[in-house]
Amino acid sequence: MTISLPKDVLYLIHKLEQKGEAYVVGGCVRDALRGVVPHDWDLCTSETPQQMLELFQDERVLKTGLKHGTVTVLLPDGAYEVTTYRVDGAYSDGRHPDRVTFTGCITEDLARRDFTINAMAYHPHRGLLDPFGGAQDLQDRQIRAVGDADKRFEEDSLRILRGLRFASTLRFTISPDCSASVHRNKELLNRVSKERIQVELSKMLLGDGVKEILLAYPDVLTQIIPSIEPMIGFEQRSAYHCFDVWEHTAHAVACAAKDPIVRWTMLFHDMGKPACFSEAEGVGHFYGHPAKSAAMAHNALRDLRMDHDTIRKVVQLVELHDLPLPQTERDVKRLLNRLGKSQFCRLIEVRRADILAQTSSYRQERIAQADRALSRMQKVIEEGQCFSVGDLAVNGKDILAAGIPAGPEVGNMLHYLLELVMDQAISNDRQCLLEEVQRKMRRIKR
């Protein structure tokens with residue numbers, strides 16, 4: 001197997017091998033063997049950190065992780081992490097080794113890594129070094145732990161989610177022994193910081209294989225987001241739904257565009273259904289579930305330390321996901337005013353994903369409604385129609401100059417004018433708007 005290495009990487013290997021040994025290693029080897037251009041090229045070497053500092057004294061070098069044997073060399077085409085071969089000590093915090101021991105053996109370094117597909121090294125002359133069968137696992141599209149899976153997850157509990165994330169993004173399966181260990185060790189995730197969990201979940205949700213992971217590992221996800229548990233196996237008893245709440249959620253996430261806000265929305269959009277369930281004549285109803293789901297989404301995302309902007313957008317979409325879609329340009333403009341273009345488009349995508357995860361016989365017309373709403377929105381945008389105060393032909397200074405006193409009345413007047421323009425009761429013309437301001441003021445004075 002041959003990998004084409006960038007000139008900077010070849011330079012680094014040549015430099016390191018003046019006195020020692022060096023390979024490219026890990027994710028870049030995995031991606032290159034898959035035919036994907038790596039985002040980063042990481043190297044490992046028999047040279048100690050001090051030897052590397054001396055070797056690269058003419059280059060810009062960042063001492064990014066000397067304790068663990070890592071330096072970053074800055075070259076014209078990028079930054080390259082170079083790490084000394086090492087053996088990890090005990091992981092008392094379940095996340096980081098207490099200490100590392102440098103070694104002269106590349107195979108010992110590879111043995112400490114998480115999965116076989118990440119435990120390969122490559123040299124431009126010596127070729128691929130693959131002591132744990134990672135290349136075969138790549139060919140078999142399989143995630144398998146290096147050595148004993150229980151030990152790997154006990155060392156670093158985040159590896160449980162990394163395994164799910166790799167399976168989702170690469171659309172691989174997890175080997176039977178590794179899968180059993182994931183289920184068996186799920187409680188170890190309680191030792192991992194919420195921030196790190198959130199990062200892995202966000203990547204996992206964007207994968208092509210996310211549906212299979214959500215369906216196969218709900219017990220693991222419940223360990224992270226307990227409010228998922230009531231969804232599992234909860235029958236909807238509705239002609240519109242051919243899946244239980246969790247199965248519907250998994251399909252909806254997978255049907256959605258690869259926008260993290262949309263996919264997080266689909267994960268939460270029906271979370272409140274079990275708490276809102278009622279039944280009449282054998283038919284299930286979930287009155288008020290959007291608001292309940294939105295509240296649960298807010299709490300779960302805040303617990304995962306998600307940023308405030310993402311929380312706001314996801315919660316808004318969850319709360320509105322069942323909103324009837326606008327059928328007229330007037331309604332489109334009002335919704336655009338409320339959401340903005342990006343959120344409007346996301347809401348349409350949320351509705352499409354929701355519909356695609358429901359009974360197929362009800363899809364066609366409902367998808368057509370979503371498409372028509374999107375077309376109306378595009379027409380409003382293309383024609384430059386007014387749907388926000390910023391689109392008006394007048395601004396706050398004009399309102400002040402017309403005699404409205406400074407304060408909230410200025411904003412009130414602008415929103416009054418906007419309502420008239422969106423209702424097409426008046427044209428968005430500066431003179432017409434100012435005349436309406438004067439008429440409004442005269443009516444108030446009476």
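For the numbers below, each heavy atom of this structure counts, side chains included, while hydrogens, waters and symmetry mates do not.
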Ring centers of Phe277, His285 separated by less than 6.0 Å: no
Output field: ring centroids His251/His241 closer than 6.0 Å: no
Side-chain donor-acceptor pair present, Asn118, Arg30, cut-off under 3.5 Å: yes
Check: Gln369/Arg372 side-chain N/O donor and acceptor closer than 3.5 Å: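 Not at all, the side chains of Gln369 and Arg372 share no donor-acceptor pair under 3.5 Å.
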Ring pair (Phe, Tyr, Trp, His ring centres under 6.0 Å) involving Tyr416 - partner list, sequence neighbours excluded: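 For Tyr416, no residue satisfies ring pair (Phe, Tyr, Trp, His ring centres under 6.0 Å) once neighbours in sequence are set aside.
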Close side-chain approach of Arg237 and Val283, heavy atoms under 4.5 Å: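 SC-SC contact between Arg237 and Val283 ruled out.
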Contact check, side chains of Leu336 and Met377, non-hydrogen atoms, under 4.5 Å: yes
Inter-residue atom distance [X].[atom1] - [Y].[atom2], 0.5 Å rounding:
X      : Y      : atom1 : atom2 : value
Thr45  : Leu16  : OG1   : CG    : 4.5 Å
Gln223 : Leu188 : CD    : CG    : 9.0 Å
Leu392 : Leu414 : CG    : CG    : 6.5 Å
Gln385 : Gln424 : CD    : CD    : 7.0 Å
Glu349 : His321 : CD    : NE2   : 14.5 Å

How about [X]: does its [atom1] atom have over 12 heavy atoms from other parts shown lying under 6.0 Å from it?
X      : atom1 : value
Arg439 : CZ    : yes
Glu279 : CD    : yes
Arg184 : CZ    : yes
Glu187 : CD    : no
Glu329 : CD    : yes

Residues forming a side chain to side chain donor-acceptor pair (under 3.5 Å) with Arg263, sequence neighbours excluded: none
Candidates Thr83, Thr72, Thr70 - the one meeting side chain to side chain donor-acceptor pair (under 3.5 Å) with Thr64: Thr72
Are any of the side-chain nitrogens in [X] or [Y] under 4.0 Å away from the carboxylate oxygens of its partner?
X      : Y      : value
Arg171 : Asp208 : no
Asp371 : Arg352 : yes
Asp398 : Arg430 : yes
Lys273 : Asp270 : yes
Arg152 : Glu155 : yes

Test applied, salt bridge (charged side-chain N to carboxylate O under 4.0 Å, His left out); reference residue, Glu419; option that passes from Arg330, Lys333, Arg334, Lys440: Arg334
Qualifying residue for side-chain contact (heavy atoms from CB on, under 4.5 Å) with Phe268, from Val253, Ile228, Leu317, Ile225: Ile225
